[in-house]
Amino acid sequence: MLLLSAVAATGLGQTASRSAPSRPLAKVRLAGADYHDAADFGARFGLKAVRSDEGRQLTLKSTWTTIVLEMDTRECSINGVRVFLGEPVREHRGTLHLSRIDAEKLLTPILLPGSGESQVPVVRTIVIDPGHGGGDPGMQNRALKLEEKSLTLDTALRLKKLLERQGYRVVLTRRDDRALARTKKADLQKRGEMTVSTRADLFISLHYNSVESGADRVTGVEVYSLTPQYQYSHSDPDREDSTVAIANPGNRQDHWNALLAYTLHRELLSGLKASDRGLKRGRLAVLRVTSAPAVLVEAGFLSNETEARKIATPAYRQKIAEAIAEGVRIYANTVEGVRRQRAPGKS
Ligand SMILES: [Zn+2]
């Protein structure tokens, strides 16, 4: 992938991974969370820091990579892709700071895949989860007679074909119109836990989105990965989740979750030319219980007439499947690259 090749080309990745454990970044406690100076963090990856917008903005930049951070907001951009941090960027003694968990669990996996990870996953078996089914239709567009459950199944079948062509073993959580259990909670748990029973290496849950207000203007793609322990989800700005201190089984894959989500989100945006709703974090039931790197894709809004009409066409759903398959290919290549770097005989 782009960022890995940047690292390989400059050799910065190796320097960064060697120096990181011996010289930990300085920490400061701000608003209840550990923070690092963002410019110091960027320097680890060979990124130059430039302040702009009267100091409100900090750009971390190299030939290949541009990260834009903004004071007092959780929103940032990584090579033009919208990404939501778990904690806002904060100013402290005149410099902008980034939370330690965001640095370690979101930006590092994207900038230097494998850094700090002793285990490098393989990608052989992929579980695709067509959202909803049976008595749960998911989101609906009544005027266009669209139901999320049928659209996700169709997209999943298209994706299955593409991934099998790439040589992967693909398992679907459902192959027809059914729920996996009587309650929604048990149904979601079963879907995620299929990664355990199938010894899967990747989990992709497919969904289509909807809003109640602003339907005429809200469109685009969002991709979720599991919220790291001690962080609050995108949907929880008031910090009401009492389970933040719990480490879910899916949190074991935090590093690869972030890389997978970023890669898939970027490929969906470029493949569909859809608007960018951002890479987000959620403690979503299906993502909590997975034993493999996992994402949930919201591929478009059924509540928006223009986007719903696109999603209703097989050609657009094929495009969605192709973009995700391309994301999986790039992710797997990246992971394989990390594995090869570590192979005996190579430093
Ligand atoms: Zn859904």
Side-chain angles (χ1 to χ4, degrees), residues 84 126-160 172-195 202-215 218-227 233-236 250 257 260-261 264-265 268 272 274-290 294-305 307-313 316-317 319-321 323-324 327:
F84 287 90
I126 300 173
V127 172
I128 306 173
D129 174 40
H132 312 278
D136 168 20
M139 298 304 176
Q140 290 169 288
N141 182 320
R142 289 204 171 81
L144 298 175
K145 296 192 173 61
L146 297 175
E147 282 189 326
E148 186 183 358
K149 66 173 182 180
S150 340
L151 297 165
T152 56
L153 181 58
D154 175 88
T155 312
L157 292 167
R158 291 170 190 277
L159 178 58
K160 179 175 190 279
L172 296 184
T173 56
R174 65 178 179 96
R175 277 172 292 181
D176 46 27
D177 183 14
R178 72 171 75 192
L180 271 66
R182 247 179 281 156
T183 68
K184 183 77 186 159
K185 194 180 165 198
D187 170 86
L188 292 171
Q189 185 151 349
K190 261 195 167 170
R191 290 168 193 254
E193 281 176 350
M194 276 184 73
T195 51
L202 221 62
F203 177 87
I204 302 167
S205 187
L206 297 176
H207 289 257
Y208 290 96
N209 226 330
S210 185
V211 284
E212 277 173 18
S213 65
V218 178
T219 65
V221 173
E222 49 192 37
V223 173
Y224 284 88
S225 67
L226 181 63
T227 314
S233 299
H234 179 266
S235 58
D236 186 18
N257 288 344
L260 176 67
L264 260 54
H265 187 53
L268 278 160
L272 301 176
S275 61
D276 182 358
R277 298 266 306 163
L279 165 54
K280 298 176 175 176
R281 302 303 194 109
R283 251 174 215 100
L284 304 170
V286 281
L287 301 181
R288 283 203 303 258
V289 295
T290 54
V295 289
L296 186 144
V297 172
E298 294 278 5
F301 281 80
L302 298 180
S303 46
N304 179 273
E305 196 186 334
E307 197 158 69
R309 282 188 191 281
K310 279 190 202 168
I311 295 165
T313 67
Y316 194 75
R317 296 196 298 275
K319 263 189 170 179
I320 292 169
I324 296 172

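One-based numbering, in listed order, for ligands and for the atoms of each. This is a predicted model, so every value here is computed, not measured.
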Point to revise | Worked check of side chain to side chain contact (heavy atoms under 4.5 Å, CB included) between Glu193 and Val286 | key: CA-CA 8 Å; Glu193 281 176 350; Val286 281; over 6 Å; no
Point to revise | Carboxylate-amine/guanidinium contact Asp136 Lys184, below 4.0 Å | key: yes
**Study point:** Name of the residue among Leu302, Asn209, Val211 meeting side chain to side chain contact (heavy atoms under 4.5 Å, CB included) with Met139
**Key:**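 With Met139 as partner, Leu302, Asn209, Val211 yield a single side chain to side chain contact (heavy atoms under 4.5 Å, CB included), made by Leu302.
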**Study point:** Residue of the set Val289, Thr195, Val295, Asn257 for which side chain to side chain contact (heavy atoms under 4.5 Å, CB included) holds with Phe203
**Key:**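 Answer after filtering Val289, Thr195, Val295, Asn257: Thr195.
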Point to revise | the Zn ion (ligand 1) to nearest N/O/S of Glu298 below 2.8 Å | key: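 Within the cut-off used here (under 2.8 Å), Glu298 places no N, O or S atom near the Zn ion (ligand 1).
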Point to revise | Name of the His207 atom (N/O/S only) found closest to the Zn ion (ligand 1) | key: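 Result: ND1.
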Practice item. Considering just N/O/S atoms, say which atom of Glu148 is closest to the Zn ion (ligand 1). Key: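 When I compare the N, O and S atoms of Glu148, OE2 is nearest to the Zn ion (ligand 1).
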